[in-house]
Amino acid sequence: MRFDIVFMPELPEVETIRKDLEGAIVGAIITDIWTDTPKMLSPSFKSVKAESVGKKIVAVKRRAKVLMIDLEGGKCLLIHLKLSGRILLRKPLTKEDIYTHIKIILKLKDGSPLEFRFCDLRKFGYVKLANDEELKKVREGLGPEPLDDLTLEYFQKTLAKSGKPVKTLLMDQEKFSGIGNIYANEAFFAAKVLPMRPAKSLSAEESEKLFNGVSKVIKEGLDNRGTTAKDDFYLDAFGRAGNNESNLKVYQKNGTDCLVCKGKIQRVNLGGRGTFFCPNCQH
DNA sequence: CTAGGTGCCTGATTGC
DNA sequence: TGCAATCAGGCACCTA
């Protein structure tokens with residue numbers, strides 16, 4: 001078990017963190033920011049600090065996999081966890097997370113007795129003080145939210161226009177959004193469709209099944225507060241694991257028996273990503 | 001426009 | 001044994 005390597009937060013994980021944060025830090029004032037990795041802050045550590053310290057947090061929103069911290073006065077911090085990012089709310093001066101790669105700390109007061117710790121082993125994540133263009137890109141440049149805005153019509157039209165492997169297209173954040181490797185693999189199993197098929201080769205019936213599969217697995221993930229899988233170690237903002245692992249049918253299960261047909265789950269590389277499927281159930 | 005490649009980063013794994 | 005090369009992974013950015 002690699003307990004602190006990759007967490008891969010997707011929509012259900014980021015939304016779970018968002019809810020945790022909303023209940024805990026809205027109303028708090030950022031009193032200081034610390035980092036040992038200034039590269040993770042943009043446009044610069046100095047500007048993030050200058051625009052954030054002294055400001056009250058008025059809302060915590062989410063768009064796709066991006067967290068949006070709205071500050072009093074209209075500025076917004078965009079936070080992306082990428083592969084290995086984690087946010088932990090901890091009491092100041094505790095050493096609970098000393099081995100968990102703390103990179104950025106927002107110190108808070110008034111409404112929150114907690115420190116906001118951004119931990120990230122890979123350092124791929126970021127905290128970005130968004131300008132208007134970046135804000136617009138996040139709000140309008142990403143694909144529709146799978147549970148709120150995604151329609152079957154758009155889904156089928158978008159698939160019909162592309163010859164890319166359908167899983168690669170589903171994970172394209174500009175066409176769709178919030179779907180990462182775990183939920184993509186599970187959606188294809190639910191739909192009984194092979195992820196390497198060219199997107200436009202899916203029949204209307206198959207693409208509708210996939211549409212429903214996406215909705216099903218994202219909802220399950222949300223209801224279970226995210227997936228903490230075998231080789232991952234996603235935690236919510238209070239350090240609790242998600243409960244969705246028992247719903248996984250194929251992700252990281254290569255070599256094991258399919259739960260439906262007793263065939264063997266296979267793994268292939270698709271667009272540089274591990275792709276898991278049952279060659280018997282999925283066509 | 002799309003398709004493909006690379007860089008970011010670190011720890012586990014594999015190769016010699 | 002020890003050390004170097006390889007790999008995974010979301011996404012930005014680059015080139016053809």
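Order of the sequence lines fixes the chain letters, A, B, ..., with proteins taken first and strands second; residue numbering starts at 1 for each chain. Quick note: numbers below take in every heavy atom, side chains included, and nothing from hydrogens, waters or symmetry partners.
Between the OH atom of Y126(A) and the C1' atom of dC11(C) there is a distance of 9 Å, given to the nearest Å. Counting to the nearest Å, the C1' atom of dG9(C) and the CG atom of D172(A) are 16 Å from each other. Note: OH (Y183(A)) to P (dG10(C)) measures 13 Å, nearest angstrom. Spacing between atom CG of L11(A) and atom P of dG10(C) amounts to 15 Å, rounded to whole angstrom units. What separates CG of D36(A) from P of dT10(B) is a distance of 11 Å, to the nearest Å. When rounded to the nearest whole Å, the span between CZ of F276(A) and P of dG9(C) equals 6 Å. Protein atom CD of E174(A) is 13 Å distant from nucleotide atom C1' of dG10(C), rounded to whole Å. We find that NZ of K128(A) is positioned 7 Å from P of dA12(C), with the value rounded to whole Å.
Heavy atoms of other residues, nucleotides or ligands lying less than 6.0 angstrom from NZ of K56(A) number 12 at most.
Residue pairs meeting the side-chain hydrogen bond (donor to acceptor under 3.5 Å, both in side chains) criterion with at least one partner in residues 180-194 of chain A, sequence neighbours excluded, are E13(A)-Y183(A), K167(A)-N181(A), N181(A)-N185(A), Y183(A)-T227(A). Each side-chain hydrogen bond (donor to acceptor under 3.5 Å, both in side chains) pair with one or both residues in residues 64-79 of chain A, not counting sequence neighbours, appears once here: K61(A)-D70(A). Sorted by first and then second residue, the ring pair (Phe, Tyr, Trp, His ring centres under 6.0 Å) pairs with a member in residues 8-59 of chain A form an empty list; sequence neighbours excluded. Listed by first and then second residue, the side-chain hydrogen bond (donor to acceptor under 3.5 Å, both in side chains) pairs that reach into residues 152-165 of chain A are Q156(A)-S207(A), sequence neighbours excluded. Among pairs with a residue in residues 214-225 of chain A, those fulfilling salt bridge (Lys or Arg N to Asp or Glu O under 4.0 Å) read D20(A)-R225(A), K216(A)-E220(A), R225(A)-D236(A), at least two apart in sequence or across chains. Residue pairs satisfying the salt bridge (Lys or Arg N to Asp or Glu O under 4.0 Å) criterion with at least one member in residues 27-37 of chain A, sequence neighbours excluded, are listed as follows: D32(A)-K49(A). Here salt bridge (Lys or Arg N to Asp or Glu O under 4.0 Å) pairs that include residues 271-283 of chain A, with residues two or more places apart or in two chains, number zero.
Residues passing the ring pair (Phe, Tyr, Trp, His ring centres under 6.0 Å) test with F124(A), sequence neighbours excluded: none. With sequence neighbours left out, the salt bridge (charged side-chain N to carboxylate O under 4.0 Å, His left out) criterion links K46(A) to no other residue.
In this structure, the nucleotide among dA3(B), dG11(B), dG10(C) sitting nearest to the side chain of H101(A) is dG11(B).
Across all strands shown, N181(A) has heavy atoms under 4.0 Å from sugar-phosphate atoms exclusively, and none from any base. Within the 4.0 angstrom heavy-atom criterion, no nucleotide atom of any strand lies near G163(A).
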Please list, pair by pair, any protein nitrogen or oxygen found under 3.5 Å from a nitrogen or oxygen in nucleotides 13-16 of chain C.
none

Pick out the pairs of N or O atoms, protein on one side and nucleotides 7-9 of chain B on the other, that lie under 3.5 Å.
{"from": "dC9(B)", "atom 1": "OP1", "to": "K39(A)", "atom 2": "NZ", "distance (Å)": "2.7"}
{"from": "dC9(B)", "atom 1": "O4'", "to": "R122(A)", "atom 2": "O", "distance (Å)": "3.2"}
{"from": "dC9(B)", "atom 1": "O2", "to": "R122(A)", "atom 2": "NE", "distance (Å)": "3.1"}

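Side-chain nitrogen and oxygen atoms of H80(A) include at least one within less than 4.0 Å of the OP1 or OP2 phosphate oxygen of dC11(C). Within the structure, every side-chain polar atom (N or O) of K65(A) is placed at least 4.0 Å from both OP1 and OP2 of dG10(C). Regarding contacts with the backbone of dG10(C), a side-chain N or O of R273(A) is found under 4.0 angstrom from either OP1 or OP2. At dG10(C), none of the side-chain N or O atoms of Q173(A) fall inside 4.0 Å of OP1 or OP2 (strictly under the cut-off).
A side-chain donor-acceptor contact under 3.5 Å links K249(A) to the backbone of N247(A).
Residues F189(A) and Y251(A) place their aromatic rings such that the two centres sit no closer than 6.0 Å.
Axis angle between the ends of the helix from dT2(B)-dA16(C) to dC16(B)-dG2(C), five pairs each and rounded to 10 degrees, works out to 60°.
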